[in-house]
Enquirer: 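The following block contains the structure, expressed as structure tokens.
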Amino acid sequence: MSAPPYETHAVERKWQRVWEDKGVYRARAAPARPKFFANVPYPYMNGYQHLGFAVPFLRAEFFSRYKRMTGHNVLFPQAFHCTGLPILGAAERIAEGEPVQVQILRDMGIPEAEIPAFRDPIHWIEVFPEAAALGAAVDWSRLFITTNLNAPYDAFVRWQFRKLKEKGYVQLGKHPVIWCPKDEAPIGDHDRLEGEGVQPVEFTLLKFPIANAFLVAATLRPETVFGQTNLWVDPEATYVKAEVDGESWVVNPRAADKLREQGHAVRVGPTLTGKDLIGKEAVAPGLDQPILVLPSRFLDQGRGTGIVTSVPSDAPDDWMALKDLKADAAQIGALGLDPARIAAIQPIPIIQSEGWGPLPAVEISDRMGIESQMDREKLEAAKAEIYRTGYYTGVMTAAAGEFAGVRVEEAKERIKARLLESGQAATLWEPADPVVCRCATPAIVKIVDNQWFLVYGNAEWKRAAHAALDRLVFFPEAVRKQFHYTIDWLRDWACAHHRGLGTQLPWDDHWVIESLSDSTVYMAYYTIAHALQDGKLRSEVPWAKALTDAFFDYVLLGSGNAGTVAAQVGTDAKLVEHLRKEFLYWYPFDLRNTGKDLVQNHMTFCVFNHVALFPPEQTPRGFGITGFVRLGGRKMSKSKGNVWYLRVALEEWGADVVRMMVANAGGGMDDPKLDLEFAEVARGRLAGWHAFATAKGEGADAPTPLDPWFLSSLNRSVALTREAMQAMEYRIALRTGFFDLQAAWDWYRARVGVPNRQIRDRFVETQTKILAVFAPHVCEEVWQRIGRSDFVVTASFPEARASEVDVRAEASEAFVRRVLDDAREILKVTGIEPKALTLIIAPPWMREASALAASLAREGPVTMSSFMERAMGVGSLQGRPSELAGLAKRLVEDVSRARREDLDRLAMVFDERAYLEAARPFLERQFRCAVAVREAGEPGLVDPKGKARSAMPGRPAIYVE
RNA sequence: GCGGGGGUAGCCAAGCCCGACCAACGGCGCGGGACUUAAGAUCCCGUCCCUUAGGGGUUCGCAGGUUCGAAUCCUGCCCCCCGCACCA
């Protein structure tokens with residue numbers, strides 16, 4: 001049991017308090033200084049935050065800290081989001097005592113007695129803000145929440161929407177919504193007992209003329225009309241004859257209701273049963289041939305019209321129903337059908353897809369051993385498989401007439417359009433999967449015709465958004481294409497709904513702006529939030545309670561005049577002018593970092609809306625994208641039960657370790673992986689750093705021969721770390737700036753025995769500063785304990801000093817290392833336990849020849865002859881042409897494939913003997929035996945195995961006793 | 001199918017844009033050693049195969065190609081992940 005070296009939690013709390021008290025992270029415009037404005041999307045406040053939020057958040061935070069330490073005035077604000085349905089829905093469910101929702105709160109550790117308080121949505125919002133414990137460098141004076149719970153923000157969003165509407169970016173349109181016929185209201189995700197996330201899909205209604213009416217069948221596969229062989233109705237089911245848009249349709253009663261909700265004029269007429277229809281003939285749309293109406297049992301009366309067209313070639317349901325019927329002579333007889341005609345019905349090949357014969361439904365039914373049309377489970381799987389391959393790889397056959405040879409994906413749309421055009425078809429919307437309202441009523445789809453849209457489909461707007469992307473910097477660059485693609489396919493977005501928390505549409509208070517639409521340009525609000533909010537989630541600033549459009553026009557757009565605006569809102573002109581300056585100073589933001597799930601909605605909306613409201617110089621400058629956080633190899637997600645709450649992680653590891661873990665989790669397009677083993681390592685290393693850095697410094701006040709080498713390594717580490725930080729590559733930064741630097745120190749210490757105290761101090765200072773980005777608490781503690789009076793978190797990040805990069809020191813140390821490695825290799829291979837080592841360096845002329853070759857190579861390509869020519873002009877080399885020629889071949893080869901910077905090193909002639917002599921005590925410690933240094937050819941050299949022959953410049957021969 | 005990102009030694013993961021420093025960074029795991037009463041922590045060494053002298057062999061999804069030289073460039077193929085689409 002060893003006591004922790006310092007009290008992690010206590011130290012972290014202490015510094016968090018101090019930083020806050022001293023306003024270290026509070027940011028105000030300072031025109032003389034360069035600024036950096038970073039932010040992340042505000043989190044939604046329906047529970048405690050988990051690491052899925054913390055990772056993108058911290059990736060932005062690290063960057064903001066780095067920028068602060070490299071001379072920038074940094075703004076890193078944070079707010080909270082409560083727009084939308086989840087909180088409201090959850091609060092209502094708590095009010096109803098709904099057990100699942102109650103359990104969710106229990107699981108988050110909410111005491112039983114406090115659970116009833118969550119009936120009030122506002123309680124949720126006020127309980128959960130808890131991010132400060134991460135030690136994040138946030139300017140909390142700009143804190144706020146969204147919706148009309150916070151008047152100035154509410155006014156801001158209303159301003160935004162009025163502007164968008166003025167410019168024609170918000171328009172009315174039609175929109176299918178999942179709808180509860182009993183409540184007569186749309187059903188949001190969080191009001192559903194069943195069917196979360198289910199969207200409406202569009203069916204094609206095929207109209208089969210029969211007598212003076214149409215039988216109307218619903219299908220999702222209009223391209224299969226060429227394979228129709230018959231119609232299915234349920235003999236026991238009830239149908240109605242209804243007048244729809246002036247035509248007479250036969251559908252089931254539910255379908256009649258649905259059609260009415262979808263904008264059709266419907267008048268329900270007489271009732272009939274399935275039996276009445278069976279045996280009749282109707283002309284099939286597309287196919288243009290009469291087909292029989294036959295009985296089946298698999299029809300779902302809740303979906304479509306209760307009448308289904310039969311395509312036994314590609315629909316396993318139809319194939320099985322047909323098979324069942326053919327085998328059921330009794331039913332055929334009872335319904336008075338002609339057995340011969342039924343026996344004659346054969347599937348028609350219409351789609352050729354990869355890996356399938358002409359009749360996939362027949363094929364798969366056989367393969368899966370499907371017994372009958374009631375074998376629902378297998379049939380669903382069969383359908384899914386056939387549909388998938390058919391849709392992606394299928395091509396229409398000759399049966400499709402003019403569509404022969406067209407891919408299914410394309411044919412589907414074209415055939416549907418053709419049928420609609422010719423009046424042979426109509427459309428019907430259904431939920432893609434069953435949806436049940438909280439009132440237990442099954443949902444239908446309603447076409448709402450007064451829906452407000454943000455018209456992201458607008459070509460002009462898209463063009464401007466594309467242009468804004470071209471001005472953006474992406475981390476990583478690879479996501480840029482993703483954004484362009486999203487802009488292209490994005491359609492109009494329904495931007496308001498009837499329920500939930502939010503801001504009302506300014507021109508129509510029946511509507512509440514939905515959550516992805518009220519959060520597109522609010523980063524601008526941060527620039528003035530300190531004055532509007534005064535550090536409170538819900539503003540209590542009197543004059544900010546009634547902000548006008550003129551206020552935002554002036555502050556954010558620069559139109560109008562400060563005096564007028566000030567008088568209007570009841571504050572003074574100076575303040576209004578000041579806010580305009582804050583905005584101009586900070587905006588646009590330099591980095592917004594989010595999870596990659598937001599690329600196709602929020603982040604793209606952000607670009608669109610900036611383009612709509614602000615001039616080009618104020619559209620976003622940098623977007624960072626983070627993958628999906630993985631824990632234990634699995635994606636972190638609430639629904640999969642693989643969540644790690646921030647408060648739990650912080651409790652267990654402390655903020656610094658959690659931050660290190662996040663930095664190490666990896667960036668780019670990869671999913672960041674939280675590695676608990678690394679956390680363990682990091683915990684130890686941070687504690688170790690604290691202990692080392694704050695210990696009474698061992699060492700002497702005297703230079704060592706290794707000082708230049710260590711400083712050189714240190715500067716290289718710093719340079720690489722800066723490069724990595726600038727690219728948000730934190731794992732690399734951690735490696736170069738922490739682990740590699742530590743390894744360099746370990747080597748230095750092992751080499752010199754007693755370090756130079758000055759070097760040690762330099763190491764401590766540099767390391768503490770670098771590490772402060774990731775582990776600010778430990779570093780601040782160290783900083784204070786080594787006697788610094790400022791804050792390390794605002795200190796300047798180490799500079800790479802070119803003057804301290806010492807190529808010669810690096811070369812000589814690489815030489816020592818090479819000797820060490822070579823000797824080890826020999827010992828390993830031979831298995832000899834050494835009694836003594838003799839290092840035999842190459843003779844001086846060889847070393848000169850080597851350096852000559854390298855310096856020639858720096859000037860241009862070297863050949864044997866050009867080298868020899870020059871070498872023969874050098875005094876010490878003249879006397880030995882044959883020996884030189886032998887060496888030259890190898891030198892020329894080595895030198896011609898070396899890199900530029902290695903040549904610089906190779907070109908140096910240095911005193912190998914002196915270096916090895918100096919390193920002798922170290923080598924002797926390493927090998928635990930005597931080490932001698934000799935030179936090839938010197939008198940009295942003991943070399944029984946003739947090793948001296950293999951001595952080369954930079955690689956002494958080694959003789960082991 | 002469309003768009004994007006990938007496949008590197010037991011695992012994680014650099015390198016690939018800008019071909020030679022690459023048997024291929026680093027971490028984990030594993031083996032050995034130092035330190036310690038011991039454990040842990042820490043530090044050092046090793047960890048594709050062969051090798052009693054610093055060497056050799058075979059590797060970077062698969063198959064070809066370009067090149068004096070390819071993990072890196074080109075062509076084709078296979079597989080994985082994300083988004084879209086789609087799932088009567």
Side-chain angles (χ1 to χ4, degrees), chain A residues 1-2 5 201 203-204 217-221 224 232 298-300 303-304 308-311 314-318 379-380 383-394 407-410 412 430 432-433 476-486 488-490 596-597 599-600 627-628 633 635 664 666 668-671 673 675-678 680-681 683-685 687-688 691-692 729 731-732 734-736 739-740 742-743 746-747 749-750 818-832 894 896-902 925-926 928 945 947 950 955-960:
Chain A
M1 279 285 286
S2 65
V201 293
F203 282 63
T204 302
T219 181
L220 279 168
R221 305 194 57 186
T224 62
W232 298 119
F298 73 86
L299 304 180
D300 173 357
R303 257 166 113 63
V308 167
T309 188
S310 169
V311 185
D314 289 81
D317 282 335
D318 298 336
L379 279 167
E380 290 304 323
K383 262 189 297 201
E385 184 175 342
I386 289 186
Y387 189 88
R388 200 158 275 276
T389 42
Y391 185 79
Y392 293 143
T393 69
R407 291 189 310 119
V408 169
E409 194 176 354
E410 186 188 341
K412 187 189 197 87
E430 289 276 18
D433 285 305
E477 172 62 27
V479 296
R480 182 187 299 277
K481 286 182 194 165
Q482 206 87 266
F483 276 95
H484 280 297
Y485 186 75
T486 304
D488 283 334
W489 67 248
L490 210 62
K596 66 180 171 190
D597 51 330
V599 170
Q600 37 267 114
F628 297 127
K635 183 178 161 184
N664 182 61
M669 288 261 74
D670 294 334
D671 290 340
K673 288 177 200 132
D675 181 351
L676 295 182
E677 277 162 354
F678 177 83
E680 200 64 68
V681 170
R683 167 144 65 191
R685 298 296 288 255
F692 171 84
E729 293 282 0
R731 186 209 284 272
I732 293 170
L734 217 44
R735 205 176 75 206
T736 58
F739 293 102
D740 288 355
Q742 295 280 320
D746 289 336
W747 174 256
R749 266 260 301 253
R818 173 94 218 211
V819 171
L820 183 70
D821 287 343
D822 274 352
R824 275 197 183 122
E825 178 73 15
I826 292 166
L827 296 178
K828 181 186 146 206
V829 172
T830 62
I832 299 172
D894 285 353
S896 61
R897 68 169 60 161
R899 284 187 315 179
R900 175 85 218 181
E901 57 185 271
D902 293 326
R925 280 201 302 278
Q926 291 293 313
R928 298 159 199 273
K945 294 204 172 170
K947 291 292 171 195
S950 59
R955 292 192 81 179
I958 297 164
Y959 171 58
V960 184

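Chain identifiers are assigned alphabetically (A, B, ...) following the order of the sequence lines, protein sequences preceding nucleic acid strands; residue numbering begins at 1 within each chain.
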Enquirer: Considering only B:C82, B:A88, B:G54, which nucleotide approaches the side chain of A:Leu220 most closely?
Expert: B:A88
Enquirer: Categorize A:Ser950 for me: base, sugar-phosphate, or nothing, with a 4.0 angstrom heavy-atom threshold over every strand shown.
Expert: base
Enquirer: State, to 0.1 Å, how close A:Arg925 and A:Ala750 come at their nearest heavy-atom pair, and which atoms those are.
Expert: NH2-O, 2.7 Å
Enquirer: Considering every strand and a 4.0 Å limit on heavy-atom distances, what is the contact class for A:Arg685: base, sugar-phosphate, or nothing?
Expert: sugar-phosphate
Enquirer: Who is the Watson-Crick or G-U wobble partner of B:A53, with both distances under 3.5 Å?
Expert: none
Enquirer: By side-chain hydrogen bond (donor to acceptor under 3.5 Å, both in side chains), which residues pair with A:Asp671, not counting sequence neighbours?
Expert: A:Lys596
Enquirer: Just jot down the side-chain hydrogen bond (donor to acceptor under 3.5 Å, both in side chains) partners of A:Arg221, sequence neighbours excluded, or say none.
Expert: A:Glu223
Enquirer: Quantified in whole Å, what is the P atom distance between nucleotide B:C22 and nucleotide B:A71?
Expert: 13 Å
Enquirer: Nearest-Å distance, CG (A:Asp314) to C1' (B:C86)?
Expert: 16 Å
Enquirer: Whole Å only: how far is the CG atom of A:Leu820 from the C1' atom of B:G46?
Expert: 14 Å
Enquirer: What's the closest nucleotide to the A:Arg221 side chain, out of B:C43, B:G54, B:A88?
Expert: B:A88
Enquirer: Provide the distance between the two P atoms, one in B:U66 and one in B:C12, to the nearest whole Å.
Expert: 35 Å
Enquirer: Restricting to non-hydrogen atoms, name the atom on A:Ile958 and the atom on A:Lys947 that form the minimum distance, rounded to 0.1 Å.
Expert: O-CG, 3.8 Å
Enquirer: What residues, two or more places apart in sequence or in another chain, satisfy salt bridge (Lys or Arg N to Asp or Glu O under 4.0 Å) together with A:Arg749?
Expert: A:Glu698
Enquirer: Would you measure the distance from the P atom in B:A41 across to the matching atom in B:G29 and give it in whole Å?
Expert: 9 Å
Enquirer: Work out how far the P atom of B:C43 is from that of B:C50, and round it to whole angstrom.
Expert: 30 Å
Enquirer: Looking for any heavy atom pair under 4.0 Å, which part of the strands does A:Pro956 touch: base, sugar-phosphate only, or nothing?
Expert: base
Enquirer: In whole angstrom, give the distance that lies between atom CG of A:Leu827 and atom C1' of B:G46.
Expert: 14 Å
Enquirer: Can you measure A:Gln926 atom CD to B:C45 atom P for me and round it to whole angstrom units?
Expert: 8 Å
Enquirer: Can you measure from CD (A:Gln926) to CG (A:Leu820) and round to the nearest 0.5 angstrom?
Expert: 5.5 Å
Enquirer: Identify, with sequence neighbours excluded, every residue that meets side-chain hydrogen bond (donor to acceptor under 3.5 Å, both in side chains) alongside A:Arg818.
Expert: none
Enquirer: Which residues pass the salt bridge (Lys or Arg N to Asp or Glu O under 4.0 Å) test with A:Asp318, sequence neighbours left out?
Expert: none
Enquirer: Considering only the C1' atoms, how many Å lie between B:A20 and B:G69, rounded to the nearest integer?
Expert: 6 Å
Enquirer: I want to confirm an ordering. Mapping A:Trp489 and A:Ala823 to their closest nucleotides on RNA chain B, which one lands closer to the 5' end?
Expert: A:Ala823
Enquirer: Check whether any side-chain N or O of A:Arg303 sits under 3.5 Å from a backbone N or O of A:Ala218 as a donor-acceptor pair, and report yes or no.
Expert: no
Enquirer: All N/O contacts under 3.5 Å from nucleotides 26-36 of chain B to the protein, with atom names and distances to one decimal?
Expert:
{"unit_1": "B:C28", "atom_1": "O2'", "unit_2": "A:Glu677", "atom_2": "OE1", "d": "2.6"}

Enquirer: Please determine, for the side chain of A:Gln600, which listed nucleotide (B:G1, B:G83, B:C44) has the closest atom?
Expert: B:G83
Enquirer: Rounded to whole angstrom units, what separation is found between the CG atom of A:Leu676 and the C1' atom of B:C12?
Expert: 14 Å
Enquirer: Tell me which nucleotide, if any, is Watson-Crick or G-U wobble paired with B:C43 when both distances must be under 3.5 Å.
Expert: B:G33
Enquirer: Look through every strand shown and name the nucleotide pairing with B:G69 as Watson-Crick or G-U wobble, where both distances are under 3.5 Å.
Expert: none
Enquirer: Applying salt bridge (Lys or Arg N to Asp or Glu O under 4.0 Å), can you list everything that pairs with A:Glu825, at least two apart in sequence or on another chain?
Expert: none
Enquirer: So among A:Asp317, A:Asp300, A:Leu299, which one has a side-chain contact (heavy atoms from CB on, under 4.5 Å) with A:Val308?
Expert: A:Leu299
Enquirer: What distance, rounded to whole Å, do you find between the two P atoms, one in B:G61 and one in B:A14?
Expert: 14 Å
Enquirer: A:Trp747 CH2 to B:C44 P: how many Å, rounded?
Expert: 10 Å
Enquirer: Can you measure A:Asp317 atom CG to B:C87 atom P for me and round it to whole angstrom units?
Expert: 14 Å
Enquirer: Ignoring hydrogens, what is the shortest heavy-atom contact between A:Gln600 and A:Asp597? Give both atom names and the distance.
Expert: OE1-O, 3.7 Å
Enquirer: A:Asn664 near the nucleic acid: base, sugar-phosphate alone, or nothing, with a heavy-atom cut-off under 4.0 Å?
Expert: nothing
Enquirer: Within the sub-3.5 Å range, which N or O atoms of nucleotides 3-10 of chain B have a protein N or O partner, and how far apart are they?
Expert:
{"unit_1": "B:G4", "atom_1": "O2'", "unit_2": "A:Gln482", "atom_2": "NE2", "d": "3.3"}

Enquirer: Taking side-chain hydrogen bond (donor to acceptor under 3.5 Å, both in side chains) as the definition, give me every residue that meets it alongside A:Asp488, ordered by chain and number, with sequence neighbours left out.
Expert: A:His466
Enquirer: Set out, line by line, the N/O atom pairs under 3.5 Å between protein and nucleotides 50-53 of chain B.
Expert:
{"unit_1": "B:U52", "atom_1": "O4'", "unit_2": "A:Val829", "atom_2": "O", "d": "3.3"}
{"unit_1": "B:A53", "atom_1": "N6", "unit_2": "A:Val960", "atom_2": "O", "d": "3.3"}
{"unit_1": "B:A53", "atom_1": "N1", "unit_2": "A:Ile958", "atom_2": "O", "d": "3.1"}
{"unit_1": "B:A53", "atom_1": "N1", "unit_2": "A:Val960", "atom_2": "N", "d": "3.3"}

Enquirer: Closest-nucleotide mapping onto RNA chain B: is A:Phe628 or A:Lys412 further toward the 5' terminus? I mean the 5' end.
Expert: A:Phe628
Enquirer: Taking any heavy-atom pair under 4.0 Å as a contact, classify A:Asp746: base, sugar-phosphate, or nothing.
Expert: sugar-phosphate
Enquirer: Considering only B:A88, B:C44, B:G54, which nucleotide approaches the side chain of A:Arg824 most closely?
Expert: B:C44
Enquirer: Tell me every residue that passes ring pair (Phe, Tyr, Trp, His ring centres under 6.0 Å) with A:Phe678, counting only those two or more places apart in sequence or in another chain.
Expert: none
Enquirer: For atom P, what is the distance between B:G7 and B:C73, given to the nearest Å?
Expert: 12 Å
Enquirer: Sequence neighbours left out, what passes salt bridge (Lys or Arg N to Asp or Glu O under 4.0 Å) with A:Glu477? Give chain and number order.
Expert: A:Arg480
Enquirer: Given that both distances must come in under 3.5 Å, which nucleotide forms a Watson-Crick or G-U wobble pair with B:U58?
Expert: none
Enquirer: Determine the Euclidean distance between corresponding P atoms of B:C49 and B:C44; express it in Å to zero decimal places.
Expert: 24 Å
Enquirer: Taking pairing as Watson-Crick or G-U wobble with both contacts under 3.5 Å, can you name the mate of B:C18, or confirm there isn't one?
Expert: none
Enquirer: A:Thr219 side chain: which of B:G54, B:G1, B:A88 is closest?
Expert: B:A88
